Amino acid sequence: MGPGTRAQGAPAGGNVVPPPLLTSLLAPDAGDRADALTVAGRSLSREELLGAAGAVASRIAGAASVAVRAEATPETVVAVVGGLLAGVPVVPLPPDAGPAERDHILRDSGAELVLGEDVPVDTAERGSWSGPEADPEATAFVLYTSGTTGAPKGALIPRGAVAAGLDGLAEAWRWTAEDTLVHGLPLFHVHGLVLGVLGALRTGCRLVHTGRPTPEAYAAAGGSLYFGVPTVWSRVVRDHAAARALAGARLLVSGSAALPAPVFRDLEALTGQRPVERYGMTETLITVSTRADGERRQGSVGVPIRGVRTRVVATGEEGGIGELEVAGPTLFSGYLGRPEATAASYTADGFFRTGDIAALDEDGSHRIVGRASTDLIKSGGYRVGAGEVENALLDHPAVSEAAVVGLPHEDLGQEIVAYVVADGVSERALIDFVAGHLSVHKRPRRIRFLDALPRNAMGKPQKKLLPPL
Ligand code: MLC
Ligand code: AMP
């Protein structure tokens, strides 16, 4: 470790080996209830979920991987659990993915079947599955995530990483079967799917997925534990009645992007409690969190969860601030079919380079202060690569040049804005083109037409020199 490096977390070897991923799901559940799991208004008991998922598992056993069109429905949960039962890696497809994004994910992952399309998924079915549990090293999910350039990469998430990550969070948040978890996040990312569905199944708590993460739906759900991205919390605090309805909850958790200071403050004022912030990535799952029994400080994302080690590799410019690197049992096992990208993401001693700039406080808590690259945009909690959107724009016949940036935005954190050189096409048409080609949440919200992009002497676009909107 170099002189500019400060580290936190358990030493190597001190890790607890988590029980297999499906142990608690398969255990007889005396506390089963008809509404153990409610998604967008439709409920299933755990027994019903297991029966329907068992039928799926029997149909797909032996497949190399399966895709799931991850709409917020009970069928998506049944399909995902079916894949996990059968030990077949699950590839969630964003339901709003346009043909380019969907084709890329299906082709790149090699998913043989799309559950719900090629294989029936029926919540009323009852199958029994008795196959052995797959190894902790086996892939649970292939999660597609954007880099700064090119098409999204498939992050291979091992079953053991999911188990370790969820157990670490359960410990940090005192998350138990007594809780009712409420959220309305999409089911194709770590936040909504891994934490928000498998977390409930693993801890045995009741889950209410609200379909959409609206303030009214959160207020009506009567949960003890709430998950949201900052955009969701910012909308909650604008609706005072909805925010006050959450006063009785045990824990309000924010993550996936930085929670703005005014939203933190308003949540405390309206609900009487400070939110818990946690930090993570697709590639690492959640690694750092404020604890239920710890101090909740605005701007702090807390301390490493059990088994995780972090270090801040200082750039030498400012004391104690630098790139955050993480190691531990929650890490992915690589990008599918991209050994160079995988190798580049790790240090020689096995830490993952997050690309986030963090500061470590004296008490060991972490603050995320920025990103190393401005070409990774976080909008509404979604990670969107500037290059991916630029390529989509360039696929439009009227567009000859494109530069995409994330500009500060009160509601979304960052707003995707495109500067384009184009001939005879409207802003609306270009926005709809990207929404239909990639996915709706990757669309630029605004477009500025230029005669030429600012470039340096080498001809490389200079995003810093783009004019204000
Ligand atoms: C709008 N719509 C269009 C459109 N424009 N449809 C087609 N073409 C167009 N041009 C439609 C949308 O389909 C949608 O329909 C509706 O308009 C609203 O879309 P939106 O405006 O994009 O939604 P918005 O209000 O901006 O969404 C905010 C949000 C969302 C917070 C709900 O951003 C969100 O769900 N974010 C969560 C992201 C997340 O989970 N990230 C976690 C990553 S994991 P309809 O019918 O759907 O309403 C991670 C690790 C970690 O980061 O640390 O957790
Ligand atoms: P994704 O891969 O979509 O999960 O996005 C991961 C990125 O989200 C991280 O690299 C961070 O930039 C950002 N992120 C997640 N949680 C937080 C948080 N609590 N505060 C600030 N940024 C966060």
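For reference, positions follow the sequence shown, starting with 1. Ligands are counted one by one from 1 in listed order, and the atoms in each one are counted from 1 as well. Note that the structure is predicted; figures quoted are calculated from it, not measured.
In this structure, of P230, G228, G380, the residue bringing a heavy atom nearest to atom 37 (C) of ligand 1 is G380. Checking S256, A435, P186 against atom 50 (C) of ligand 1, the nearest heavy atom belongs to S256. For atom 4 (O) of ligand 2, the nearest non-hydrogen atom from the set T282, L259, V384 belongs to T282.
Looking only at heavy atoms of the protein, atom 17 (C) of ligand 2 is closest to A257 N, 3.5 Å. Ranking the protein heavy atoms by distance from atom 2 (O) of ligand 2 puts R383 NH1, 2.5 Å first. Atom 41 (N) of ligand 1 has G381 O, 2.9 Å as its closest protein atom, hydrogens excluded (heavy atom only). For atom 53 (O) of ligand 1, the closest non-hydrogen atom on the protein side is R278 NH1, 3.0 Å. What sits closest to atom 10 (N) of ligand 1 on the protein, heavy atoms only, is D432 OD1, 2.8 Å. Atom 23 (O) of ligand 1 has its closest protein heavy atom at R212 NH2, 3.9 Å. The shortest contact between atom 19 (N) of ligand 2 and any protein heavy atom is with R278 O, 2.8 Å. At the top of the distance list for atom 21 (C) of ligand 2, counting protein heavy atoms only, stands A258 N, 3.3 Å. The protein atom (non-hydrogen) at minimum distance from atom 32 (C) of ligand 1 is P213 CG, 3.7 Å. Given atom 34 (C) of ligand 1, the protein heavy atom at minimum distance is Y382 CE1, 3.6 Å. In terms of protein heavy atoms, atom 52 (O) of ligand 1 is closest to K378 NZ, 2.9 Å. Closest protein heavy atom to atom 6 (C) of ligand 2: G280 O, 3.5 Å. Among all protein heavy atoms, the one lying closest to atom 5 (O) of ligand 2 is K378 NZ, 2.9 Å. The nearest protein atom to atom 7 (C) of ligand 1, hydrogens excluded, is given as V440 CG2, 3.8 Å; this is a heavy-atom distance. The protein heavy atom nearest to atom 10 (O) of ligand 2 is D356 OD2, 2.5 Å. Scanning all protein heavy atoms for the shortest distance to atom 16 (N) of ligand 2 gives S256 N, 3.2 Å.
Contact annotation: for R235 versus ligand 1, heavy atoms closer than 4.0 Å belong to the side chain alone. By the criterion of a heavy-atom distance under 4.0 Å, the side chain of R443, and not its backbone, is placed next to ligand 1. The proximity of E71 to ligand 1, defined as any non-hydrogen pair under 4.0 Å, does not occur for either the backbone or the side chain. Contacts of A257 with ligand 1, taken as heavy-atom pairs under 4.0 Å, are absent altogether. Counting heavy atoms closer than 4.0 Å to ligand 1, residue T282 contributes nothing at all. Heavy atoms of R445 found under 4.0 angstrom from ligand 1 belong exclusively to the side chain. Using a 4.0 Å cut-off between heavy atoms, H409 makes no contact with ligand 1 at all.
Atom-to-atom distance recorded for S333:OG and L156:CG is 4.5 Å, nearest 0.5 angstrom. From S65, atom OG reaches atom CZ of F141 across 13.0 Å, with rounding to the nearest 0.5 Å. Atom OG1 in T214 sits 10.0 Å away from atom CZ in R235 (nearest 0.5 Å).
Within the 4.0 Å cut-off (strictly below), a protein heavy atom is located near atom 44 (S) of ligand 1. Contact annotation for atom 13 (O) of ligand 1: protein present (non-hydrogen atoms, distance under 4.0 Å). In this structure, atom 16 (C) of ligand 1 has its sub-4.0 angstrom surroundings free of protein heavy atoms. At a distance under 4.0 Å, a protein heavy atom can be found next to atom 3 (C) of ligand 1. Protein heavy atoms are found inside the 4.0 Å sphere centred on atom 26 (O) of ligand 1.
Those atoms of ligand 2 with a heavy atom of V301 less than 4.0 angstrom away are 19 (N). For ligand 1, the atoms closer than 4.0 angstrom to any heavy atom of G280 are 53 (O). Heavy-atom proximity to T231, at under 4.0 Å, picks out these atoms of ligand 1: 31 (C). Each of the atoms 19 (N) of ligand 2 lies under 4.0 Å from some heavy atom of E277. Listed by atom number, the atoms of ligand 2 under 4.0 Å from Y279 heavy atoms are 11 (C), 16 (N), 17 (C), 19 (N), 23 (C).
In this model, no donor atom of one side chain and acceptor atom of the other lie less than 3.5 Å apart for T231 and S234. S373 and D375 share no side-chain donor-acceptor pair at under 3.5 Å. A side-chain N or O of Y335 and one of E283 form a donor-acceptor pair less than 3.5 Å apart.
Considering all non-hydrogen atoms of both residues, L376 and G385 come closest at CD2-CA, 4.1 Å. The heavy-atom pair separating E117 from R102 by the smallest distance is OE1-NH2, 2.9 Å.
No salt bridge links R383 with E388; every basic N to acidic carboxylate O contact stays at or beyond 4.0 Å.
Residue pairs meeting the side-chain hydrogen bond (donor to acceptor under 3.5 Å, both in side chains) criterion with at least one member in residues 258-269, sequence neighbours excluded, are E268-R274.
In this structure, T123 contributes its side chain and E75 its backbone to no donor-acceptor pair below 3.5 Å.
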